[in-house]
Amino acid sequence: MVALVPDLVGSGGRLCPLRPDGQPAGAVEAAPDLAAAVARREAAERPRWVWAATDETYPRLLERAGVRPARCHDVKLVESLLLGMAGRHGSPRSLGAAWARLHDLPEPADAREGGADDQPVLFAADRQHLPQDADPLTALVAVYADQRRRIAASEHPDRVLLLCAAESAGALAAAEMGRDGLPWSAAVHDGLLTDLLGPRPAGGARPALLNDLALRIQQALGRTVNPDSPAQVLPAFARLGIPLHTTRSHELREVDHPAAALLLRYKELSRIHAAHGWAWREAWVRAGRFRAEYVVGGVVSGRWATRGGGALQIPRLLRGAVVADPGYRLVVADAGQLEPRVLAALSGDPGLAKAASAGDLYAALALDAFAGDRPRAKIALLAAMYGQTSGEAGQLLAVMRRRFPAALALVEAAARTGEAGGTVRSRLGRTSPTPSASRFVDTGGDADGAEGAGDFGSSDQRAARSWGRFTRNFVIQASASDWALAMLAALRRRLTAIGPEPRLVFFQHDEVIVHTPAALAPAVEEAVAAAGDEARRLVFGPTPVPFPLETNVVECYADAK
DNA sequence: AGCCTACGCGCC
DNA sequence: AAAGGGCGCGTAGGCT
């Protein structure tokens, strides 16, 4: 363990070796060239680097020396996890905030990203909102030691330690992927857009095809409407005797009228144009790479988010534009049926575990309990995990409850906990927020009893049920995220062992893409499989449930699956 | 003009 | 009786 603090100005910094419990284990080293010092130590002893925030410190190290540390402890991310476990999700989590809590000082508000009221932003970021008289290295070491104490005092210290390590490793991978970028062929992208939308109009204008479709929609509806405005489209359909509830594709697909088909086509194409068209490419693709900014811990469940570019929503229609460099391949790895497998492993339900042991969990489930009807089996399982009870789901759920009692007991207990205002945890301890801090409560707006006397509390009940569905899903989604992060960390380590060339270039909940020289693709596939198994062992222990990662070695993302 | 919410749809 | 999880991002349309 080595604590690291960059100097406020210049490219130097200070290092301090630490014992495992966080106490200093040697003299502070002043390093005039911090990146070089990190590279040296990394090569010699591969320490776990302790720093205030990976997303602020690591990009500079990468930029200056190309160091890729094996391990780190990200104080800000760990603080966020530990605060969440203590029921304090919204609290400021910077080093300065943690330091203030440690010393019973008033907490500083963490600066918002790109905050408007211009303090010297870089300066504030470097100091992690520490008071002026606090030494950053002293604070870092103290807060780290305190975090280790809090981890050790938790109910499952081994799991929480793993969670913190995986979250921190994820931050390393996120910074690297943000820098490397996803290979993106502008030429292929352009070809796809032109096939769909026609030639690119000059000056960023809308493609003629879209204007054309809009006109034809208006003709079919007999009215001048903006097809992008549900408020205009709904009455236009109503006038034709077609009462729609919404203008969602799902509903439009049931409508037998030429305007509906045209509108569906318009929606599909206008979305491509607006969200991933030529303008998007000019904003986000440079030098053959789409560089997204990953936000580790951006979702309470532990899933990542991204800032800008919509990296986690690349439309299937455009995946042909993700093309490996010449002589390289994409190893696309996907953990199929991850969430039901997580439910099987978490609950230990023997029937579900047995289904998970077959290659296709849904098919096995269908054979076992749904007369071989795979679609119904899938609906039943999704209903159990999401809390759906409408339509046929209610019936199917009864079958699930009878046949897979342990699995259903787990999700239903999580739902009841949420409905009662409690919190639930993932396998590794990531904790759901409390409903009071949430947008799901206080949305009723019927405080004055506007709903009538006979219906008391219905809005509160709706909110409670809604929160119950959230916590029901949280235990699964967050535990799936535990597994995915552990897998990502293991894969990152194993890729490094193969060599400097194979690079993680994409991570999306249960899927990774590695960009690698073609000759190394088989080794990468092996690393992927091993990483998946390692994650299963670390996160779920001796479960019989397999977590297979399907890998495809392709030149083009569209050819995977 | 900028900010906010509702809606809708892309992904998992 | 009814009750569908998590995001990002674009447009529309109302607000200040």
Side-chain angles (χ1 to χ4, degrees), chain A residues 116 206 210 225-234 244-252 263-264 266-277 279-280 283-284 292-295 297-319 334-340 342-343 379-394 396-397 411-412 414-415 418-419 424 432-433 438-440 443 455 458-459 461-481 484 506-512 557:
Chain A
R206 260 159 67 97
L210 287 180
V225 296
N226 178 350
D228 287 315
S229 168
Q232 293 177 31
V233 169
L234 289 181
L244 292 175
H245 194 243
T246 70
T247 63
R248 292 179 192 171
S249 316
H250 176 258
E251 204 174 333
L252 283 173
L263 188 54
L264 282 168
Y266 172 88
K267 279 168 172 285
E268 185 180 25
L269 294 180
S270 70
R271 180 167 182 88
I272 291 282
H273 177 248
H276 286 95
W280 172 87
W284 294 104
E293 188 184 350
Y294 290 94
V295 184
V299 183
V300 287
S301 66
R303 283 184 171 184
W304 292 5
T306 55
R307 234 180 330 250
L312 301 185
Q313 298 119 256
I314 299 170
R316 289 179 175 278
L317 273 175
L318 296 183
R319 293 189 175 182
D334 181 303
Q337 307 173 333
L338 177 58
E339 296 200 344
V342 165
L343 175 56
I379 289 169
L381 196 40
L382 293 178
M385 294 190 299
Y386 290 158
Q388 179 188 12
T389 52
S390 64
E392 66 172 340
L396 300 176
L397 219 47
V411 291
E412 289 176 348
E419 287 176 19
V424 295
S432 68
S438 153
R439 63 201 148 98
F440 278 87
T443 55
D455 205 11
S458 73
S459 170
Q461 272 181 18
R462 257 200 311 280
R465 295 281 154 79
S466 169
W467 196 255
R469 285 191 296 278
F470 168 64
T471 50
R472 171 194 292 258
N473 185 251
F474 182 95
V475 290
I476 298 174
Q477 188 183 116
S479 298
S481 182
F506 189 64
F507 173 59
Q508 181 183 37
H509 313 317
D510 59 1
E511 180 180 4
V512 294
Y557 189 18

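Every heavy atom of this structure was used, including side-chain atoms; hydrogens, water molecules and symmetry mates were not. Just so we're on the same page: letters track the sequence lines, and every chain starts at 1.
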Checklist line | Short N-O contact, A:K267 and A:E251, less than 4.0 angstrom | finding: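 Judged by the 4.0 Å cut-off on N to carboxylate O distance, A:K267 and A:E251 do not form a salt bridge.
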Select base, sugar-phosphate, or nothing to describe what [X] touches, counting heavy atoms under 4.0 Å on all strands.
{"X": "A:G468", "result": "nothing"}
{"X": "A:G394", "result": "nothing"}
{"X": "A:T389", "result": "base"}

How many Å lie between [atom1] on [X] and [atom2] on [N], as a whole number?
{"X": "A:L210", "N": "C:dT11", "atom1": "CG", "atom2": "C1'", "result": "14 Å"}
{"X": "A:M385", "N": "C:dA3", "atom1": "CE", "atom2": "P", "result": "20 Å"}
{"X": "A:L397", "N": "C:dA1", "atom1": "CG", "atom2": "C1'", "result": "16 Å"}
{"X": "A:W467", "N": "C:dG5", "atom1": "CH2", "atom2": "P", "result": "12 Å"}
{"X": "A:E392", "N": "C:dA3", "atom1": "CD", "atom2": "C1'", "result": "16 Å"}
{"X": "A:E412", "N": "C:dA3", "atom1": "CD", "atom2": "C1'", "result": "13 Å"}
{"X": "A:Q388", "N": "C:dA2", "atom1": "CD", "atom2": "P", "result": "13 Å"}
{"X": "A:R307", "N": "C:dG10", "atom1": "CZ", "atom2": "C1'", "result": "19 Å"}

Next item on the list: Inspect the surroundings of CZ in A:R206 and state if more than 12 heavy atoms from other residues, nucleotides or ligands are less than 6.0 Å away.
Entry: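 Result for CZ/A:R206: enclosed.
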Check: Any idea which of C:dG8, C:dT11, C:dG6 is nearest the A:A305 side chain?
Finding: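 Out of C:dG8, C:dT11, C:dG6, the nucleotide with an atom closest to A:A305's side chain is C:dG8.
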With a cut-off of less than 4.0 Å, is there a side-chain N or O of [X] near OP1 or OP2 of [N]?
{"X": "A:S229", "N": "C:dA12", "answer": "no"}
{"X": "A:R469", "N": "C:dG5", "answer": "yes"}
{"X": "A:N473", "N": "C:dG4", "answer": "no"}

Next item on the list: Using heavy atoms to find the nearest nucleotide of DNA chain C for A:G309 and A:S301 separately, return the residue whose nucleotide is more 5′.
Entry: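 Closer to the 5' end of DNA chain C: A:S301.
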Note to self: Quick check: on DNA chain C, is the nucleotide nearest A:A275 upstream (toward 5') of the one nearest A:G387, or the reverse? Name the residue that is more 5'.
What the structure shows: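 Of the two residues, A:G387 wins.
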Heavy-atom distance under 4.5 Å between the side chains of [X] and [Y], does that happen here?
{"X": "A:V300", "Y": "A:F470", "result": "yes"}
{"X": "A:W467", "Y": "A:S432", "result": "no"}
{"X": "A:V475", "Y": "A:V342", "result": "no"}
{"X": "A:E339", "Y": "A:N473", "result": "yes"}

Next item on the list: Please confirm whether any donor atom in the side chain of A:R465 sits under 3.5 Å from an acceptor in the base of C:dA2, or the reverse.
Entry: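 Result: at least one qualifying N/O pair found.
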Notebook entry, point to check: For A:Q508, what residues pass the side chain to side chain contact (heavy atoms under 4.5 Å, CB included) criterion, not counting sequence neighbours?
Noted result: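 Per chain and number, A:Q508 pairs via side chain to side chain contact (heavy atoms under 4.5 Å, CB included) with A:L312, A:R319, A:F506, A:E511, A:Y557.
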Note to self: Please find the pair of heavy atoms, one from A:Q313 and one from A:H276, that lie closest to each other, and give the distance.
What the structure shows: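 Of all heavy-atom pairs spanning A:Q313 and A:H276, the closest is O-CE1, 3.4 Å.
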Notebook entry, point to check: How does protein contact run along nucleotides 7-12 of chain B, one letter per nucleotide 5' to 3', with B for base contact, S for sugar-phosphate only, - for none, heavy atoms under 4.0 Å?
Noted result: SBBBSB
